[in-house]
Amino acid sequence: MKEHENSFNSEAIDAQTERWPSGLSQDEHRLIQALYASSQAYARENEQSLERIWTRFVQSQGHPALLQETQQKQPASEQFVRKGKAMREDIYQGTGFSTPTSWPAPVKRPRRAIWRALSVVAAAAVVLILILGWVLLFSGMRPSTASKKPATQVGAHQAQQKELSAGALLCSFSDNATGYPVPIQPTLDWSASRQVAVTYHNLIASAQNCTAQSANLLPQAQQATWSPDGKRLLTLASGEAEVLDASTGHVIATFQGNAPGDTIDQSVWLSNGTIVSAVQTTSAKTGDLVTSGSAGPVLMQVWNASTGALIRTAITFPSGTQLLGLNVGMLPISPDGKYVAVQETTGGDVEVWNIASGKLVNSIPYHQSDSGLVSVSALAWSPDGAYLALGLSNVPRCRSGRWPVANSPQPSRIAIPGRM
Amino acid sequence: MQHKEADPLEHALYAELYRCYAPSLFAYVYQQTASREDAEDIVLDVFLSVLQNKRFPTFDAKKQEAWLWAITRNKVVDYYRRSVRRQHVSIGWLSEPLYEDMHQAPEQISLKHEEYTWLAGAIRALPELQREVLRLRFGHGLKCEEIAPAVEKSEGAVRMILFRALQSLRGLYKDREKGERR
C-alpha cells in the first residue's frame, strides 16, 4: 500500500491531531495515537487539577470570607501554597464536598441560599414592623376611615393643589389604613379620563381635581388596569383576576381559571367586553403522572368581563413554557392583547404567538446548543404591539468554538410580520 | 406569578467561562510555575478576580479573554516576585502509557513500551517551542487558537510549529522503521 506523503496540513492540523483523526496515513495515525497514549497520565492529572480549581471556585462563591481571604496578597510563595492547601482541606473536610468526577458540573449552593433566605426574612420583618408602627400611629391620630368601603370620597387624601406649570407638583397623596404590610411594588395605570389606579395603596386618584378615592382592589394587587372606556378596572392578585366598577367599587366579575390551582398571570383588555389572560395551570389538572401542583401547560384564555365566564382557550403551550418577562416584572402580552411572547421549554426559541389565531408568527432560534445560554433580562412592547424589544443575556460562542462564554445583554428586536 | 432566580444562569455563565478558558490558563501557569499546586492556586485566584470585577459581565467575549490573560500574566509575575524558584515544566509530561487492556500479550506491551520510550527521546530532541506546543496539544487538549496566547504566538504560527513538530516526528518514525527492516 502506498503511503501518503505530507498528509499533515498546517491548516487542518487541529482536526488531524484529534483523538481519532481521519485522512491520515497509517504511520501518522500511529504517531498521533502514541502521542496521546504517552500524554494520558499527564492529561488525567490536568483534568483533576481543573476539577479541583472549579470545586474551590464554587465553594468560594458560597463563602464570602473565604473569597476575601483568597484575594489578599501573600508575602511569600510558600504562604501562597500553604493557604491553598489549607483552603482545600477546609473545603473537602469541613463541608464534606468531594472532588467532582467531571467539571464544572452544576453545583447547588445550599448555604448561600439559606443566608439569602434569612436575609430576605430579616428584611421583611423590619419592613413589617415599620409599616405596622406607621399604620398604628396614623390610625391613632385620625378618625376611623372606611378603608374597605368601595369608592368613597377620602377627603384626608386631598393634598394642596398647586398651580399647573412645568415641573411643578400637581397632587400628592398619602396612604391611610388600606395599606398592606407587605413589601410589594405599587403599580399605576392612567385612564382616558385622567384618573390613576394605584395598587398597593388601593386608590383611584384624579388628576382633574386632585382627589383620591379608596378603591376596592384585591389585596396586594399586582395590577389594576382601566377598561378601554375607563369605567371598569381589571385587578390581578393572588392568582385571580377581578373586574370592578370603578365608580362604585363593586365586583362585576371574577376569573380564577378552570381548575383549582390555576394561576392568572398577566391579563389585558381586548375590548370592553372581553379580557385575555395568561393562565398557568398545574399538572394535576392535565392528568399527568406528575407530582400534584407542579407547573402544567400555560393557557391563553379569553373570558367575559361581565360574567367571568371562559369564552375560549386561544392557545395551549406545553408544560414548561415560560411566559417571557414575568420573571423580571415585565409583560408577555402586547398592550393591544394581540400577541404573546414565550420561550420554549428549557431555554429554547423565543416565540411570538398571535392570540386571536392561535398561530406562531415569529421566533428567534436561540438554542442553548447553537448560540449558548439565553435569558430574557428585559422586555418591552411598542405601544401599538408592532415591535417587541428584548434584552437578552446573550452568550456568544467562545472563540475556541467549544463553549459559550459571555454575559453581555444585547438588545434584539423581533419584527412582527405584516405589521411593519 | 412565576419567578426565576438569576443564580442558575449566573452559575452556568461562570461554568462556561471556566470551561472555555481554564484549560489554557492552567496550561500556561503550570508551564510557568512548574508546580501543579501553585498553578491551581493562581488559576483559582484569576477566576475569583472575575467574581470581584463587577464590570466583567459587560465585556464582550474578546475583552473577557484579554482581561483573563492579562490578570493571569500579572499573577504569574507576582508569583515570580514572591518565589525564588523559576523553572518550566520539563519533558516529564510524557510517561509510559497506562495499559488498560490487560489482555494484551506481553510481547505487544514490550513493543509498545519500546516505541514510547523511543518517542519520548525523539520529542526530547525537538526544539523547545515545538515540545511545548506538543505538550499543550496532547497533554492539555488545547487547540491552536487556545495554545497561541499561552505561548504568546499567533494562531498561524502555532499551527506551523505543530505541523513542523509532527513532520519531524513522522520523519523520525520512518527512519526508525527503515532501520528496523535492515
Side-chain angles (χ1 to χ4, degrees), chain A residues 8-11 13-14 17 27-28 31 34-43 45-46 49-50 52-54 56-57 60-61 67 70-71 74-77 80-81 83-85 104 106-107 222 263 265 280 322-323 326-327 372-373 375 393 395-396 398-400 402-408, chain B residues 1-4 9 11-13 15-20 22-23 26 36-41 43-45 47-49 51-52 57-61 64-65 79 82-83 93-95 97-98 115-116 119-120 134 137-141 143-146 159-160 162-163 166-167 169-170 173-174:
Chain A
F8 281 129
N9 180 329
S10 66
E11 289 304 310
I13 204 74
D14 274 330
T17 51
D27 61 328
E28 288 165 343
L31 170 61
L35 283 165
Y36 273 112
S38 299
S39 311
Q40 193 177 1
Y42 176 77
E45 283 179 33
N46 292 334
S49 285
L50 289 167
R52 280 194 293 271
I53 301 167
W54 174 251
R56 292 166 62 192
F57 176 71
S60 299
Q61 281 182 275
L67 172 64
T70 311
Q71 289 294 299
Q74 296 296 312
S77 165
F80 188 81
V81 176
K83 179 191 69 181
K85 286 175 181 169
V107 181
Q222 294 146 345
T263 300
D265 276 324
Q280 174 66 62
Q322 293 285 322
L323 293 163
L326 282 181
N327 57 326
L373 297 169
S375 174
S393 293
V395 278
C398 78
R399 295 208 301 146
S400 69
R402 268 192 189 181
W403 291 94
V405 65
N407 179 19
S408 48
Chain B
M1 301 285 280
Q2 294 172 347
H3 295 281
K4 196 162 70 177
L9 175 68
H11 181 82
L13 287 165
E16 306 311 334
L17 188 78
Y18 189 81
R19 277 198 182 98
C20 196
F26 176 77
R36 185 170 291 279
E37 286 192 331
D38 288 0
E40 288 179 17
D41 287 338
V43 173
L44 173 64
D45 221 15
F47 280 90
L48 292 177
S49 300
L51 279 183
Q52 293 198 326
T58 66
F59 297 164
D60 59 28
Q64 286 185 350
E65 184 183 14
Y79 173 86
R82 294 194 301 266
S83 174
W93 60 274
L94 287 172
S95 63
L98 305 171
E115 181 185 353
Y116 295 131
L119 180 63
L134 285 174
R137 179 70 185 107
F138 295 98
H140 290 269
K143 294 188 174 174
C144 289
E145 67 170 348
E146 295 170 304
R159 286 183 194 284
M160 193 51 70
L162 182 56
F163 171 73
L166 291 171
Q167 286 290 83
L169 291 175
R170 181 175 178 263
Y173 246 76
K174 279 185 173 293

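Being a predicted model, the structure only gives us computed values, none of them experimental. The sequence lines fix the lettering, A, B, ..., with proteins before strands; numbering per chain opens at 1.
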For the student: nearest non-hydrogen atoms of Cys144(B) and Ile13(A), plus distance: SG-CG2, 3.6 Å
pair Arg52(A)-Arg36(B): side-chain heavy atoms closer than 4.5 Å: yes
From CA spacing to verdict: ring-ring contact (aromatic ring centres under 6.0 Å, His included), Tyr36(A), Phe138(B): CA-CA 6 Å; Tyr36(A) 273 112; Phe138(B) 295 98; 4.9 Å; yes
Greatest number of heavy atom pairs closer than 4.5 Å to chain A - which of Leu166(B), Leu162(B), Leu119(B): Leu166(B)
Side-chain donor/acceptor of Tyr18(B) to backbone N/O of Trp54(A), under 3.5 Å: yes
Nearest-0.5 Å distance that lies between atom CZ in Phe163(B) and atom OG1 in Thr17(A): 12.5 Å
Between CD on residue Glu28(A) and CG on residue Leu169(B), distance to nearest 0.5 Å: 11.5 Å
Interatomic spacing from CZ in Phe26(B) to CD1 in Ile53(A) - rounded to 0.5 Å: 5.5 Å
Between CD on residue Gln40(A) and OH on residue Tyr116(B), distance to nearest 0.5 Å: 9.0 Å
Heavy-atom pair of closest approach, residues Arg159(B) and Asp14(A): NH1-OD2, 3.5 Å
Arg170(B) side-chain N/O to Phe8(A) backbone N/O, donor-acceptor pair under 3.5 Å: no
Straight-line distance of Phe57(A) CZ to Glu40(B) CD, nearest 0.5 Å: 15.5 Å
Separation of Leu44(B) CG from Ser49(A) OG (nearest 0.5 Å): 12.0 Å
